[in-house]
Protein chains: 2
Amino acid sequence: MSLNKDINQRKFRSEHQKAMINLIYSYNWLMENTRKHLDQYDLTPQQFNILRILRGAGEPLSTLQIRQRMLDKMSDTSRIVDRLVKKELVQKVVCSADRRLVDVTISDKGRELLTILDTHESEWDALLKNLDQSEATQLNGLLDKLRNSQD
Amino acid sequence: MSLNKDINQRKFRSEHQKAMINLIYSYNWLMENTRKHLDQYDLTPQQFNILRILRGAGEPLSTLQIRQRMLDKMSDTSRIVDRLVKKELVQKVVCSADRRLVDVTISDKGRELLTILDTHESEWDALLKNLDQSEATQLNGLLDKLRNSQD
DNA sequence: TTTAATTTTATGTTGAACCATTTAATATAT
DNA sequence: ATATATTAAATGGTTCAACATAAAATTAAA
């Protein structure tokens, strides 16, 4: 991977600065590989994310509830949902109890697509195969600690 | 940070899967904090990135050379450069030796802006203050290993 | 030398983040 | 009961990633 060659060539002010760059590289690497799995199904990572959230919930969720469960806090949920509606992977119905809300449900077509994608789950997990179990745990610990700032 | 609460509440298939989610969270956290520093100067992370690359180069760079030094391989360099031109932070001149190329140079105004931003460098580094030196090194090692896949 | 291939930049499109504002519905206060 | 505040969703604007294609200049080939 040329990214890696790149990052090793560069000079850094500190290990902390290198860690920032490294985090960005690693995120980009992860996204690139994620897209490889999803592209053939004409699905973006965020669309996939929302589909999984809806299936996991097992009941209709409002746009706000979806957003709160998404990885990107600030995601433009209503427009992503609209794209999923256009692809007929989800349905949108105004909530009768509170008509400000929209009940979003995964459709049969959406469920079928996820079933197909479940097949990829193991290759998907294998993305991080270079780390063994304990290294993955270690990484999780460091990232948690990293983010745990007071602000 | 509510992100962290979130990630600890969730159930994960494996430490590897958690590490993926954790990487995404951490990247988003980093970007959010980066933007906080740049917003007051009406600069995006990518624009800042290009300005630093140009100053660091010490000579005019072509659009392609800039892109090759950027963190995001696929970045839309020519349009970002155009926005910097509009802000008068860089200049664009067609290269006389090879008229396909465009020589991009940081302007005095751009240089002044970076000088101001240099002031923030220490707070900037302090973003990762929760990790000590050896933890940062450890994180770098794990991220390098993570990405070092064959494909 | 003229044609073909390659390189570099520009442009177009879609998806999405982020920010602000608007609209509709509900809850609260007077 | 009406006016105000709050909440949820939709919408508009800008920036950028990712992908494709076009246009211009250069290089290679015939």
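Every chain is numbered from 1 and lettered A, B, ... according to where its sequence line falls, protein lines coming before strand lines.
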For the side chain of [X], starting at C-beta, report the closest nucleotide among [options].
X: Arg83(B); options: dT15(D), dT26(D), dA9(D); value: dT15(D)
X: Arg79(A); options: dT13(C), dA10(D), dT11(D); value: dT11(D)
X: Arg99(A); options: dT26(C), dA10(C), dC19(C); value: dT26(C)

Once you apply a heavy-atom cut-off of 4.0 Å, does [X] come out as touching a base, just sugar-phosphate, or nothing?
X: Arg35(A); value: sugar-phosphate
X: Lys86(A); value: nothing
X: Asp76(A); value: base
X: Ser78(A); value: base

Original post:
Taking atom types as they are modelled, is there a donor-acceptor pair under 3.5 Å from the base of dT7(C) to the side chain of Arg100(B)?
Top reply: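 Present.
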**OP:** Indicate yes or no: does Lys92(A) engage Asp103(A) in a salt bridge with an N to O separation below 4.0 Å.
**Re:**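 Salt bridge between Lys92(A) and Asp103(A), a charged N being under 4.0 Å from a carboxylate O: no.
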Original post:
Do we see a donor-acceptor contact under 3.5 Å between the side chains of Arg147(A) and Asn22(B)?
Top reply: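 Note: Arg147(A) and Asn22(B) side chains meet the donor-acceptor criterion.
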Original post:
Strictly by modelled atom types, are Asn140(A) and Glu15(B) linked by a side-chain donor-acceptor pair under 3.5 Å?
Top reply: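 The answer is yes; a qualifying pair exists.
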Subject >> Phosphate OP1/OP2 of dC18(C): any Lys36(B) side-chain N/O under 4.0 Å >> reply: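 Checking dC18(C) against Lys36(B), no side-chain N or O comes under 4.0 Å of OP1 or OP2.
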Subject >> dG15(C) phosphate, OP1 or OP2, under 4.0 Å from Lys87(A) side-chain N/O >> reply: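 False: Lys87(A) side-chain N/O out of range (4.0 Å or more) of dG15(C) OP1/OP2.
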Whole angstroms only, please: what is the [atom1]-[atom2] distance between [X] and [N]?
X: Leu84(A); N: dT14(C); atom1: CG; atom2: P; result: 17 Å
X: Ile66(A); N: dA10(D); atom1: CD1; atom2: C1'; result: 14 Å
X: Met74(A); N: dG13(D); atom1: CE; atom2: P; result: 20 Å
X: Leu101(A); N: dA10(D); atom1: CG; atom2: P; result: 10 Å
X: Asp39(B); N: dC19(C); atom1: CG; atom2: P; result: 6 Å
X: Asp42(B); N: dG13(D); atom1: CG; atom2: C1'; result: 14 Å
X: Gln47(A); N: dA17(C); atom1: CD; atom2: P; result: 10 Å
X: Gln46(A); N: dC18(C); atom1: CD; atom2: P; result: 10 Å

Subject >> Contact nearer the 5' end of DNA chain C, comparing Ser75(A) with Ser96(A) >> reply: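 Its nearest nucleotide lies further toward 5', so the answer is Ser75(A).
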**OP:** Between Ala97(B) and Ser62(A), name the one whose nearest nucleotide on DNA chain D is closer to the 5' end.
**Re:**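 Looking at the nearest nucleotide for each, Ser62(A) comes out on the 5' side.
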Original post:
Start at the 5' end of DNA chain D and walk down; is the nucleotide closest to Cys95(B) or to Leu61(A) reached first?
Top reply: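 That would be Leu61(A).
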Original post:
If we only count heavy atoms from C-beta on, is the Leu89(B) to Ile106(B) side-chain gap below 4.5 Å?
Top reply: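 Contact flag for Leu89(B)/Ile106(B) side chains = no.
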Original post:
Does some side-chain heavy atom of Trp29(A) sit less than 4.5 Å from a side-chain heavy atom of Leu127(A)?
Top reply: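 They are in contact (side-chain heavy atoms under 4.5 Å apart), so the answer is yes.
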**OP:** Just say parallel, tilted or perpendicular for the rings of Tyr27(A) and Tyr27(B), cut-offs at 30° and 60°.
**Re:**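 Geometry flag for Tyr27(B) against Tyr27(A): parallel rings.
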